[in-house]
Amino acid sequence: MTTSRLDDGTPDEEATAPAPESAPRTRHWRLAGLLVVPYLLLSLSWALSNPPAAAPDETLHIVKALGNGDFQFGEAGPPVPDEPTLENRNNSTIRIYDVPSRLVPKRGMTCFAYYTDITADCQPNALPKDVGDVEVPTEVGAYPPFTYVPIGIAAHLGSTPAQAFILGRIAVALMSAGLLLVGTAHLIKWLGRGAILGTVAAMTPVAVFITGSLNPSGIEITSAVAVASIVTAAVLRPESVQVPATHWTLLGVGVVLALSRQLGALVLAALLILMLVTLGWSRVRHLLVTRSPSFIVASLGLIAAGALTGWYELTFDHPAGTGTVLAPGAVEPFLASAYPLIDSSIGLFGWLDTPAPRPVVGLWVAMWVVLLGGALLLGRRREIWTLLAAFVGVWLLAFSVYASGYYPLGVNGQGRHLLPALTFVLIFAGAVFAERLTRVSVVAARRMFGVVAVLVGASQAVSIYWNGRRYAVGRGGDVWYFPDALWEPKLGWAPWLILAALSAVLLAVVIFRSRPRAGTHVGAS
């Protein structure tokens, strides 16, 4: 057992958890890689089996990515009235980019959106003949451009819009996998492999779907997972904050989260505040007094990234018809939309028109309830208060976004926007519950991991298969849709669905093998 000391020489009583078992320095990276590989393969299954433009606003995101990939800020659209209508809001966030005409999404590419009995066979088949650049507006122009740059660079390598979509999706999948790898490795290093329980709960089918779509939300979600993993380790193992590697890791993933979207910067700030409050001033003062170079550089880097996103927001993002975060009239409709928000963060694909089978969502909700309830039941007082504070904070943040952005327009938020804020709650609850349950009963903990392995693996595979049915034969078509498929991805359905099934099995095996052994504890890997 290690004993950490503060700057006044007194023992740090909250940092006396058992040290990790003796193991090669790279073991946590290997274990994290075993978990991330199936997630990457699932992301690629989504990316390669989904029709072009079959993710939320993907036709708008690809235009912005192509423009930002050429390092353009774009030109603002024409001024609009500051009235709370959806048309005014969308028009107020337009920016116009010069993009290659051969890569511009063609008219009719979203012919199936919201029409769930229409298959992807309705998309135009003609190859683009245009050359040169053309000015194209996009209603997501006000989003920060930073994470769009690598996506756009990849998309520029395509020769057709369909190829640009695929290449941009692959770029998102690779970046998301890298972020997930870094965060998971840090979590395993400090809390042991059993702590991945919360990570797999946070990586819902929707989260994996988004990491295989041309949309920065996948990068935002996985960078939030990585930051939440670091904060979870810091709360449960405070001595991890004193290690320079933690500072550099937090700098890397935190900068990505801050630059991903405006909400990402808010989530980062909330997580950092939670970490500092939980750790206490004495530990932070210790790092400042000792003038830790890594801590100072990481702090300045994160502040700079947040400031950069704030500058972009104030300079370029002026949405019309916004409201106040304290709108009292928004409370009732927000509460009414709470469960649909959770639902859409687990199993709602396409243009929010393709729900997963109800058992997938129901079982996933049950898993969340068990993790949160188990952590609250078995956790120490400090862990319980941390979890409750984070849970309340998530819903306060969700309400403020809803009240200021969605309520004035009379529309609901999207679950993928909730996931970055929710990641810490799930990862922290999973780490606490796995460790405490193991202390109570190793047999019960092992059985729980077995159930989670089957649930998670099956849910991910079923979601991809179900999504494919919607585009092959429509939502009303046969469940076994291969003989009658009106649309197929490149190489047909078989390769990508087999890849998805094998990836899901591998994921289940990794989760199952992460179950605790007799005598294990937090920190055992």
K.L.:
Which value, rounded to the nearest 0.5 Å, describes the distance between Leu40 atom CG and Leu35 atom CG?
P.N.:
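Rounded to the nearest 0.5 Å, the CG-CG separation comes to 11.5 Å.
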K.L.:
Within the distance-only criterion (no hydrogens, no angle test), does the side chain of Arg169 pair as donor or acceptor with the backbone N or O of Ser213 below 3.5 angstrom?
P.N.:
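No, because the side chain of Arg169 does not come within donor-acceptor range (under 3.5 Å) of the backbone of Ser213.
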K.L.:
Side chains of Val206 and Ser345: does their closest heavy-atom pair fall under 4.5 Å?
P.N.:
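A side-chain contact is absent here, since even the closest heavy-atom pair is not under 4.5 Å.
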K.L.:
Within the side chain of Lys64, is there an N or O that forms a donor-acceptor pair under 3.5 Å with the backbone of Ala142?
P.N.:
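No.
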K.L.:
Step by step, would you call Trp190 with Ile230 a side-chain contact (heavy atoms from CB on, under 4.5 Å)?
P.N.:
CA-CA 9 Å; Trp190 288 101; Ile230 296 170; over 6 Å; no
K.L.:
Between Val432 and Leu387, is any pair of side-chain heavy atoms under 4.5 Å apart?
P.N.:
no
K.L.:
Just checking Trp46 against Phe349, ring centres under 6.0 Å apart?
P.N.:
yes
K.L.:
First locate atom OG1 of Thr204, then atom CG of Leu422, and finally report the distance between them rounded to the nearest 0.5 Å.
P.N.:
9.0 Å
K.L.:
Any side-chain heavy-atom pair from Pro357 and Val462 closer than 4.5 angstrom?
P.N.:
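The answer is yes, as the side chains (C-beta and beyond) meet within the 4.5 Å cut-off.
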K.L.:
Is there a donor-acceptor pair closer than 3.5 Å between any side-chain N or O of Glu383 and the backbone N or O of Arg380?
P.N.:
yes
K.L.:
What pair of heavy atoms forms the shortest contact from Pro408 to Ala403, and how long is it?
P.N.:
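For Pro408 versus Ala403, the nearest heavy atoms are CD-O, 3.4 Å.
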K.L.:
So which heavy atom on Leu302 is nearest to which on Val255, and how close?
P.N.:
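Heavy-atom minimum between the residues: CD2-N, 3.7 Å.
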K.L.:
Side-chain contact, heavy-atom cut-off 4.5 Å: Ile151 with Val172?
P.N.:
yes
K.L.:
Considering only heavy atoms from C-beta outward, does the side chain of Phe449 approach that of Pro516 to under 4.5 Å?
P.N.:
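Sidechains of Pro516 and Phe449: in contact.
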K.L.:
For Thr246 and Gln242, indicate whether the former's side chain and the latter's backbone hold a donor-acceptor pair under 3.5 Å.
P.N.:
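Answer holds: no.
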K.L.:
Have a look at Phe399 and tell me which of Leu326, Val331, Val325, Leu335 forms a side chain to side chain contact (heavy atoms under 4.5 Å, CB included) with it.
P.N.:
Val331
K.L.:
Could you grab the distance from atom CD1 of Ile219 to atom OG1 of Thr147, nearest 0.5 Å is fine?
P.N.:
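Ile219 CD1 to Thr147 OG1: 4.5 Å, rounded to 0.5 Å.
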K.L.:
With a 4.5 Å limit on heavy-atom distance, are the side chains of Val365 and Val369 in contact?
P.N.:
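They are in side-chain contact.
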K.L.:
Can any side-chain N or O of Ser43 pair as donor or acceptor with the backbone N or O of Gly212 at less than 3.5 Å?
P.N.:
no
K.L.:
Backbone N or O of Tyr312 within a donor-acceptor pair of the Thr315 side chain at under 3.5 Å?
P.N.:
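Such a contact is absent between Thr315 side chain and Tyr312 backbone.
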K.L.:
Mark yes or no for whether His247, through its side chain, and Val241, through its backbone, hold a donor-acceptor pair below 3.5 Å.
P.N.:
yes
K.L.:
Can you see whether Phe512 has Arg515 sitting over its ring - NZ or CZ less than 6.0 Å from the centre and within 45° of the normal?
P.N.:
yes
K.L.:
Roughly how far, to the nearest 0.5 Å, is CG of Leu191 from CZ of Arg237?
P.N.:
7.0 Å
K.L.:
Has Asp82 got a side-chain atom pairing as donor or acceptor with Gly321's backbone, closer than 3.5 angstrom?
P.N.:
yes
K.L.:
Restricting to non-hydrogen atoms, name the atom on Ser229 and the atom on His186 that form the minimum distance, rounded to 0.1 Å.
P.N.:
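Shortest heavy-atom contact: O-CD2, 4.3 Å.
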K.L.:
Are more than 12 heavy atoms, taken from residues, nucleotides or ligands other than Arg358, located less than 6.0 Å from that residue's CZ atom?
P.N.:
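Yes.
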K.L.:
Could you tell me whether the side chains of Thr211 and Ser176 share a donor-acceptor contact shorter than 3.5 Å?
P.N.:
no
K.L.:
State, to 0.1 Å, how close Ala356 and Ser463 come at their nearest heavy-atom pair, and which atoms those are.
P.N.:
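Taking Ala356 first and Ser463 second, the nearest heavy atoms are CB-OG, 4.3 Å.
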K.L.:
Under a 3.5 Å cutoff, is there a donor and acceptor pairing between the side chains of Tyr148 and His61?
P.N.:
yes
K.L.:
So Val225 and Leu179, side-chain contact (heavy atoms from CB on, under 4.5 Å) or not? Walk me through it.
P.N.:
CA-CA 8 Å; Val225 167; Leu179 291 162; over 6 Å; no
K.L.:
Go through the steps for Leu419 and Ile210 under the test side-chain contact (heavy atoms from CB on, under 4.5 Å), then give the verdict.
P.N.:
CA-CA 11 Å; Leu419 279 173; Ile210 290 296; over 6 Å; no
K.L.:
How far does CG of Leu34 sit from CD1 of Ile196, to the nearest 0.5 angstrom?
P.N.:
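The CD1 atom of Ile196 is 9.5 Å from CG of Leu34, to the nearest 0.5 Å.
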K.L.:
Does a donor on one side chain and an acceptor on the other come within less than 3.5 Å for Arg416 and Ser217?
P.N.:
yes
K.L.:
Could you give the distance from OH (Tyr407) to CG (Asn412), rounded to the nearest 0.5 Å?
P.N.:
12.5 Å
K.L.:
May I ask you to check whether Glu58 and Asn215 show a side-chain donor-acceptor distance below 3.5 Å?
P.N.:
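Side chains of Glu58 and Asn215: no pair found under 3.5 Å.
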K.L.:
Has Ser223 got a side-chain atom pairing as donor or acceptor with Glu220's backbone, closer than 3.5 angstrom?
P.N.:
yes
K.L.:
Let's go through Glu139 and Arg89 carefully: what are the C-alpha distance in whole Å and the side-chain angles of both, what is the deciding distance for salt bridge (charged side-chain N to carboxylate O under 4.0 Å, His left out) to 0.1 Å, and is it a yes or a no?
P.N.:
CA-CA 9 Å; Glu139 295 167 0; Arg89 172 69 61 78; over 6 Å; no
K.L.:
What pair of heavy atoms forms the shortest contact from Gly350 to Asn467, and how long is it?
P.N.:
N-OD1, 4.5 Å
K.L.:
For residues Val456 and Trp364, determine if any side-chain heavy atom of one lies less than 4.5 Å from a side-chain heavy atom of the other.
P.N.:
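Side-chain contact under 4.5 Å: yes.
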K.L.:
Kindly determine whether Lys189 and Trp29 satisfy side-chain contact (heavy atoms from CB on, under 4.5 Å), including the steps that lead there.
P.N.:
CA-CA 8 Å; Lys189 176 182 179 180; Trp29 286 105; over 6 Å; no
K.L.:
Say whether Tyr402 and His417, considering side chains only, have a donor N or O and an acceptor N or O under 3.5 Å apart.
P.N.:
no
K.L.:
So, the side chain of Arg193 versus the backbone of Ile188: is there a donor-acceptor pair under 3.5 Å, distance only?
P.N.:
no
K.L.:
Using a 4.5 Å cut-off on heavy atoms from C-beta on, say whether the side chain of Phe146 contacts that of Leu308.
P.N.:
yes
K.L.:
Which heavy atom of Leu197 sits nearest a heavy atom of Ala434, and at what distance?
P.N.:
CD2-CB, 4.1 Å
K.L.:
Between Phe316 and Trp311, how do the two ring planes meet: parallel, tilted or perpendicular, split at 30° and 60°?
P.N.:
perpendicular
K.L.:
Looking at Trp385, I want to see if its CH2 is surrounded by more than 12 non-hydrogen atoms of other residues, nucleotides or ligands under 6.0 Å.
P.N.:
no
